[in-house]
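Data block below; observations after.
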Amino acid sequence: MVKKPQIKKLMFSKTAMMLLFVLLTSATAWAEKDDVVGTGSCGDNLTWTLTENGEADFTYNDETYTPLTLTITGTGEMTDYAGSVDTPWWSNHIAITHLELPEGLTHVGNRAFSLNYFIQSVTLPASVTSIGEQAFSNVGSRTSNGCTFTAAKGSKLTSIATDAFKSFGGNVDLRNCTSLTTIGEKVFENYKTNTVYLPISIRTIKKDAFYSVTTTDKPTVRVSYKNSVLYVNGAFKAFSTKAMNTVITSFLNLKAKSSDAVSICQIFPDEIKLTFDETDHSFVIANEQDFTNLRGYYSQSFNTYQSCEGIKFKMINDLDFSNKTFSPIGEQIRSFVGHFDGQGHTISGLYFAYPSNYYGLFACVSGANTIIENVTLINPVFKHSSDNNFTYAGGIVGEFYEGTIRNCNVVGGSLGNVGCAGGIVGFAYGSWVKSIVDCTVVGTIINATESVGCIVGFNSLPTALTISNCLYDVVSNENICSSQFTDGGGNTPLYRLNLGSGVTSDALTYGDYTVATQGSIVKLEASREGYEFGGFNSDDVTIENGQFTMPDKSVSVTAKWEAKNEISLKASMIDGLCWSTFYCGDAGYRIADGEEACAYTATVSDDKIILHMLGRVIPKGTAVIIVGEDNSISMTRDDVSAAEYSSVNDLNGVDLPTARTSLTSNDSYRLYMLSNKNNNFGFHSFAAANVPARKAFFTVPASANARSFSMLFDEEATAIRQLRKTVAESPVYDLNGRVVRGNNLKPGVYVKNGKKVVVK
């Protein structure tokens, strides 16, 4: 060490005083700034040099020291030292107040600067990739303001060894170390009350990283982030578009001789391509593309166990993947870890039939705090392209490692051509705790070469999986799971309730299926437009006062209906005429005598509709167009007269409100209904979900590519809105479609009963 020389007090003569002055000047000449105190090697290509830095002397433990600067030059790795006393500058370690490290240095050696109490600042070169054990322990711990440790911009640091900053005195700023992902055990052992700044890349702080003998002195630990959502230990911490350094000390749970492990996750909205809702700290799935973006995010090469646990995704709309590409979320090494909340919405049109090991809305799911909830799949189709014993298909999850699935439903569809298949989960694997609660499977076709279950295909460990309060349709499968599991209670089979036209019930309805549990009281209602209710029929149950008790089998219920004797048809006015379509499958009708109206059938040719006058009588099962003078056309039941009428007709009709998709294929045919679009009255392409009751329509191949159809009256071009009606059974029209009144017709060409008539 460099100590200040101690001079005894003596009595001198004037000559002696002069001699002493010369001697003192000579004796202290070495103490000037930049004088070299020592030098040597500290690595294959590294050299150390100690020089005085010109700062004022200081006293420590009754010894006075001249401040020194330790400068390392060269490139490569420093020597790892077995003990602090083995460092070549140890004899002067107390006097070192400044440390300079070179760019090109790649490794800071074990114990290299340990117990260098008075170093005031350290800049870690960007080239350093690793810091050895106790490399900076106790550095700055005796200075009044501590040591400022800063990693240079562009830092390549990836690892920090045990006790590297043990009892470090001062602030450690690692924000530029964006390649550093983990803080290991005891790296900051006995770190005092100062601040540690962690980089944006940090993902894990291991247990006891901040190990301390006491809890008297607690550091402040901050993590850097920007334009991201920050999660710590699976819990939302903060969101900001600005550069922030958020305190996470509380998550370390610092206590005597221990500190908890911490997992850190930062999600960047621009990277995940989802909107972040700050009100409930969730990422929003508003459409099919958002769901695809989520799938893409989980397909990236990161280890989800590091982890994304606690991240919440929520659906805000129903999704329809019909005619859209779908792939399950997550893979085995990149399982879905997080919280997915469907918020009661449905996902329909899911189809995935490509070579894979895992099939479902989610391929693989893991994480103790992972939750999938509140979503219903309508008619999903998941299957392997060929039979394969080592594949797993579940409506919600293909392979389930850990977490909770609750209030999820699968309605209809099919799961097959795999080794294990289950309505909710294909394969529940491992000893990790997992539960399935309040889920329902109805009407789903499930088949597999090895194991089949209505809720779970196969479970590898009975104690690891609990299934409770789930409903399963025995039509799908009678087994909840093909292997043993922990029964949490409340699991109940469902039996199908098949209801006839116009009959509804208070039983559970999923998609097109109505089901009930054994012993439940089912209440029935009946309503059918244009019909009188005459009671319920069933060969399966006894119905009293409109209700019955559900047995342990499927049940069919129909109703007795009688068409009403008198009905009133609502019509829409176009240019002074009122138009409507009408259909009744069970009874014939006659337009009331007091109504000036007429019924027409129609045939389709190319892009035209040819109208054929039917008259005032409409047979049962005949769809017609009715034209009248007001918007309420009265009709009376007339099965006898209607039986005598027949005509060629391309119009179709429905008695009950009926889904458009069940009447024609969206891909190959289009459905047209009478309407007024853009002041163009006629038959226009119909895209709504349901065709109303008692309405007529027609379908043509989509290849016809017609937006609407012009209409002709028995081959003579006539604007339909100009067509007039008459009380006569066989009215006479001129070629403009006007009714000609009276018996004395002027010479010319007229139309009667759909035929040309020439009057001379």
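Sequential numbering from 1 along the given sequence is applied to the chain's residues. Not measured: the values here are computed from a predicted model.
One distance of note links OG1 of T486 with CG of L461; it measures 8.5 Å at 0.5 Å rounding. Here the CG atom belonging to L252 is positioned 6.0 Å from the OG atom belonging to S259, to the nearest 0.5 angstrom. Going from atom CG of L99 over to atom CD1 of I119 covers 5.0 Å, rounded to the nearest 0.5 Å. L180 contributes atom CG, which lies 11.5 Å from atom OG1 of T129 (distance to the nearest 0.5 angstrom). Note that CG of L230 is 8.5 Å distant from SG of C265, once rounded to the nearest 0.5 Å. In this structure, N171 CG and S121 OG are separated by 12.5 Å, a value rounded to the nearest 0.5 Å.
Screening residues 188-202 for salt bridge (charged side-chain N to carboxylate O under 4.0 Å, His left out) gives no qualifying pairs among residues at least two apart or on separate chains. Applying the side-chain hydrogen bond (donor to acceptor under 3.5 Å, both in side chains) rule to pairs touching residues 42-51 yields T39-T49, sequence neighbours excluded. Here salt bridge (charged side-chain N to carboxylate O under 4.0 Å, His left out) pairs that include residues 227-251, with residues two or more places apart or in two chains, number zero. Within the structure, no pair that satisfies the salt bridge (charged side-chain N to carboxylate O under 4.0 Å, His left out) test touches residues 149-164, not counting sequence neighbours.
Under a 3.5 Å cut-off, the side chain of E77 and the backbone N or O of V108 do not form any donor-acceptor pair. Of the possible polar contacts, one joining the T292 side chain to the E288 backbone as a donor-acceptor pair under 3.5 Å is found. A donor-acceptor pair under 3.5 Å is absent between the side-chain atoms of T391 and the main chain of N357, judged by distance alone. Between the Q343 side chain and the M315 main chain, a donor and an acceptor come within less than 3.5 Å of each other. Put simply, the side chain of K166 never gets that close to the backbone of T162: no donor and acceptor are under 3.5 Å apart. A donor-acceptor contact shorter than 3.5 Å links the side chain of T249 to the backbone of V221. At distances below 3.5 Å, at least one donor-acceptor pair connects side-chain atoms of S155 with backbone N or O atoms of L157. K186 contributes no side-chain N or O that, together with a main-chain N or O of G184, makes up a donor-acceptor pair within less than 3.5 Å. Panel note: side chain E399, backbone G426; no donor-acceptor pair is recorded below 3.5 Å. In this structure a side-chain-to-backbone donor-acceptor pair under 3.5 Å is missing from K206 to E185.
P67 is listed as a side-chain neighbour of D57, based on a closest heavy-atom distance under 4.5 Å. Side-chain contact between V172 and T148 is absent, with no heavy atoms from C-beta onward closer than 4.5 Å. Using a 4.5 Å heavy-atom threshold, the side chains of S167 and S141 count as separate. Residues T123 and L101 are not in side-chain contact: their nearest non-hydrogen atoms beyond the backbone lie 4.5 Å or more apart. Contact check for T69 versus E100: side-chain heavy atoms found under the 4.5 Å cut-off. A 4.5 Å side-chain heavy-atom check between T79 and L46 finds every atom pair outside the cut-off. No side-chain heavy atom of Y359 sits under 4.5 Å from any side-chain heavy atom of P328.
Remark: K314 engages D277 in a salt bridge, criterion side-chain N to carboxylate O under 4.0 Å.
Between F400 and Y429, the distance separating the two ring centers is not shorter than 6.0 angstrom. The ring of Y358 has its center no closer than 6.0 angstrom to the ring center of F427. Ring-centre distance between F352 and Y354: below the 6.0 Å cut-off. Between F362 and F336, the ring center distance clears the sub-6.0 Å criterion.
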Salt bridge (charged side-chain N to carboxylate O under 4.0 Å, His left out) assessment of D290 paired with K273: CA-CA 7 Å; D290 285 344; K273 299 178 182 178; over 6 Å; no

From CA spacing to verdict: side-chain contact (heavy atoms from CB on, under 4.5 Å), V247, T220: CA-CA 7 Å; V247 177; T220 298; 4.1 Å; yes

Full working for side-chain contact (heavy atoms from CB on, under 4.5 Å) between V433 and L465: CA-CA 6 Å; V433 177; L465 171 67; over 6 Å; no

Working for side-chain contact (heavy atoms from CB on, under 4.5 Å), residues V262 and V232: CA-CA 7 Å; V262 173; V232 183; 3.5 Å; yes

I396 and I372: CA distance, side-chain angles, deciding distance, side-chain contact (heavy atoms from CB on, under 4.5 Å) verdict: CA-CA 9 Å; I396 304 299; I372 299 173; 3.9 Å; yes

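Take R175 and apply the salt bridge (Lys or Arg N to Asp or Glu O under 4.0 Å) test, not counting sequence neighbours, and it matches D173. Residues meeting the side chain to side chain donor-acceptor pair (under 3.5 Å) test with Q289, sequence neighbours left out: N293. Among residues two or more places apart in sequence or in another chain, the salt bridge (Lys or Arg N to Asp or Glu O under 4.0 Å) test is passed with D62 by none. For T370, there are no side chain to side chain donor-acceptor pair (under 3.5 Å) partners, not counting sequence neighbours. Under the side chain to side chain donor-acceptor pair (under 3.5 Å) criterion, N287 pairs with no residue at all, not counting sequence neighbours. Under the rule for a salt bridge (Lys or Arg N to Asp or Glu O under 4.0 Å), the partners of E373 that lie at least two apart in sequence or sit in another chain are R406. Residues forming a ring-ring contact (aromatic ring centres under 6.0 Å, His included) with F283 (at least two apart in sequence, or on another chain): F276, F313.
Ring geometry, Y191 versus F168: the interplanar angle falls under 30°, so the pair is classed parallel (tilted spans 30 to 60°).
In this model, no donor atom of one side chain and acceptor atom of the other lie less than 3.5 Å apart for Y65 and E63. One side chain, D80 or H107, offers a donor N or O that lies under 3.5 Å from an acceptor on the other. At a cut-off of 3.5 Å, with distance as the only test, no side-chain donor of N145 or T143 sits close to an acceptor on the other residue. When only modelled atom types and interatomic distance are considered, T97 and N53 share a side-chain donor-acceptor pair under 3.5 Å.
Applying the ring-ring contact (aromatic ring centres under 6.0 Å, His included) test between F188 and each of F210, Y211, F136 identifies F210 as the sole match.
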Please list every donor-acceptor pair under 3.5 Å in which a side-chain atom of residues 110-118 meets a protein atom from a residue at least two apart or in another chain.
residue	atom	partner	partner atom	Å
N110	OD1	E133	N	2.9
R111	NE	A82	O	3.4
R111	NH1	Y81	O	3.2
S114	OG	S84	OG	3.0
S114	OG	S137	OG	2.7
N116	ND2	F113	O	3.2
N116	ND2	S114	O	3.1

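A 6.0 Å sphere centred on NZ of K312 holds more than 12 heavy atoms belonging to other residues, nucleotides or ligands.
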